[in-house]
Undergrad: 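Once you've had a glance at the structure underneath, I'll fire off some questions.
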Amino acid sequence: MSVDPDALLGWFDRAERELPWRAADVTPWQILVSEFMLQQTPVARVLPTWTDWVTRWPTPAATAAACRADLLRAWGKLGYPRRAVRLHEAAEVIVREHAGVVPDDVDALQRLPGVGAYTARAVACFAYGRRVPVVDTNVRRVVARAVHGLADAGPPATVRDHADAAALLPPDARAARFSAALMELGALVCTARAPQCAVCPLRDSCAWHVAGRPAGTAPRRPAQRYAGTDRQVRGRLLDVLRDSATPVTRAELDVAWPADDVQRERALAALLADGLAERTADGRFALPGQDRNATTASR
DNA sequence: GATTCGTGGAA
DNA sequence: TTTCCAAGAAT
């Protein structure tokens, strides 16, 4: 089974969301910022953060020159704050090695910190119109169903996933918009939990639908728990650092996770190693680059 | 290839 | 209440 570009693009013309990073005057850098924020993060939560961020730091140069602590505070509770660190680093690389211009080829993009197979192709496609397969979780699910007749995509396999998606791309200049449409279909219609086949433009040619929507057979991996993990502890510690205008003492961090000293120390060491925190000369802790001379606690 | 890395809304 | 899952990347 394949995907009829006319059917998909016809649907996209009607159903496309007006997301701010799709506006005509948005720059490649601002699109790159949106892709960083959208990694494993729902669109609804990215919207306000992206708007504030690109207003405050509209270019790679502005971002590279920004203070890491300011970037982390603007990132807020979007999740996976290492993305903010890597975005900062990517801006520095773009300024230093690409004259401040976001590269337009996949290989150069993928060499940037925090830019992997998906993000590199998304920027090449959505910012520069390049004809490359763009494979995210939505595309993998649509391909699994429409092409392979399976309820769900298996584990990611980048080479095979790219080959699958590349085989679907129209040969002409519609390819970039086709990829956006494929993602949008997965996000709005061909969803993980309750696919709306009744309104799907690919229904009549979808291998999964034609086969009667057979249930998936793949064993589901055990649900990721969060409570009590290092991730939660890191989050709590970072909350304290973000909310304090001045460096905090060890005792202030203890309060954030009093139950387990070993785990708390491990999480703190990881934050330091990841560039999400710094130890000041007097033994306190702060977001990197934050003014370390201040001694008065305030919030 | 399997794990780790946040967060919060919806089912 | 618990579970699922959301435009992934790095190790």
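Values in this document were obtained by computation on a predicted structure and should not be read as measured data. Per chain, numbering begins at 1; letters A, B, ... match sequence-line order.
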Undergrad: Name every residue in residues 128-140 of chain A that has at least one heavy atom under 4.0 Å from any atom of DNA chain C, in order of residue number, or write none if there are no such residues.
TA: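 Per residue number, the list reads Asp136(A), Thr137(A), Asn138(A).
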Undergrad: State plainly whether the residues Asp105(A) and Arg130(A) are in salt-bridge range, i.e. N to O under 4.0 Å.
TA: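 Salt bridge between Asp105(A) and Arg130(A), a charged N being under 4.0 Å from a carboxylate O: no.
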Undergrad: Heavy atoms under 4.0 Å is the rule here; annotate nucleotides 5-11 of chain B 5' to 3' with B where the base is hit, S where only the sugar-phosphate is, and - elsewhere.
TA: BBBSBBS
Undergrad: Whole Å only: how far is the CE atom of Met183(A) from the C1' atom of dG8(C)?
TA: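 Computing the Met183(A):CE to dG8(C):C1' distance gives 11 Å.
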Undergrad: Within the 4.0 Å heavy-atom criterion, would you say Trp50(A) contacts the bases, only the backbone, or no part of the nucleic acid?
TA: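 Nothing: the residue Trp50(A), judged by heavy atoms under 4.0 Å, touches no strand.
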Undergrad: Identify whether any heavy atom of Arg121(A) sits under 4.0 Å from a base atom; if not, whether one sits that close to sugar-phosphate; answer base, sugar-phosphate or nothing.
TA: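 Arg121(A): no heavy atom of the nucleic acid under 4.0 Å.
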Undergrad: Rounding to an integer number of Å, can you tell me how far Glu89(A) CD sits from dA10(C) C1'?
TA: 12 Å
Undergrad: Please report the distance, rounded to the nearest Å, between OH in Tyr118(A) and P in dA9(C).
TA: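 Taking OH of Tyr118(A) and P of dA9(C), I get 8 Å after rounding.
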Undergrad: For dT4(B) versus dA7(C), give the span between their P atoms, rounded off to a whole number of Å.
TA: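 dT4(B) and dA7(C) have their P atoms separated by 23 Å.
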Undergrad: For Asp161(A) and dG1(B), what is the distance between atoms CG and P respectively, to the nearest whole Å?
TA: 11 Å
Undergrad: Evaluate the criterion side chain to side chain contact (heavy atoms under 4.5 Å, CB included) for residue pair Thr49(A) and Arg45(A); output intermediate values, then yes/no.
TA: CA-CA 7 Å; Thr49(A) 309; Arg45(A) 199 169 351 139; 5.8 Å; no
Undergrad: Is Arg177(A) salt-bridged to Asp172(A), going by a charged N under 4.0 Å from an acidic O?
TA: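 Between Asp172(A) and Arg177(A) there is no salt bridge, as every charged N stays at least 4.0 Å from the carboxylate O atoms.
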Undergrad: Taking any heavy-atom pair under 4.0 Å as a contact, classify Ala117(A): base, sugar-phosphate, or nothing.
TA: sugar-phosphate
Undergrad: Using a distance-only test with no angle check, is there a side-chain donor-acceptor pair under 3.5 angstrom linking Glu35(A) and Tyr118(A)?
TA: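 Tyr118(A) and Glu35(A) do have a side-chain donor-acceptor pair below 3.5 Å.
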Undergrad: In whole angstroms, how far is the C1' atom of dA6(C) from the CD atom of Glu35(A)?
TA: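 Glu35(A) atom CD is separated from dA6(C) atom C1' by 14 Å.
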Undergrad: Do NZ/NE/NH1/NH2 and the carboxylate oxygens of Asp260(A) and Arg266(A) come within less than 4.0 Å?
TA: no
Undergrad: Taking the P atom in each of dG8(B) and dA9(C), what is the distance between them to the nearest angstrom?
TA: 23 Å
Undergrad: Heavy atoms only, 4.0 Å cut-off, all strands: where does Pro113(A) land among base, sugar-phosphate and nothing?
TA: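 Pro113(A): backbone/sugar contact only, no base atoms under 4.0 Å.
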Undergrad: Between atom CG in Leu19(A) and atom P in dA6(C), what is the gap in whole Å?
TA: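 The answer, rounded to whole Å, is 16 Å.
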Undergrad: Check this for me, if you would: do Asp239(A) and Arg236(A) make a salt bridge, where the nitrogen-to-carboxylate-oxygen distance has to be below 4.0 angstrom?
TA: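 No salt bridge links Asp239(A) with Arg236(A).
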Undergrad: Specify the closest pair of heavy atoms between Leu109(A) and Ala120(A), including all atoms of both residues, with the distance to one decimal.
TA: CD1-O, 3.3 Å
Undergrad: Restricting to ring-ring contact (aromatic ring centres under 6.0 Å, His included), what partner residues turn up for Trp57(A), sequence neighbours left out?
TA: Trp53(A)
Undergrad: Which distance, rounded to the nearest 0.5 Å, do you find between the CD of Glu92(A) and the CG of Leu87(A)?
TA: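 Taking CD in Glu92(A) and CG in Leu87(A), the distance rounds to 10.5 Å.
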Undergrad: Give one of base, sugar-phosphate or nothing for Leu32(A), where a contact means two heavy atoms less than 4.0 Å apart.
TA: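 The answer is nothing, as Leu32(A) stays clear of every strand by at least 4.0 Å.
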Undergrad: Give Ala192(A) one of three labels, base, sugar-phosphate or nothing, depending on what nucleic acid heavy atoms sit under 4.0 Å from its own.
TA: sugar-phosphate
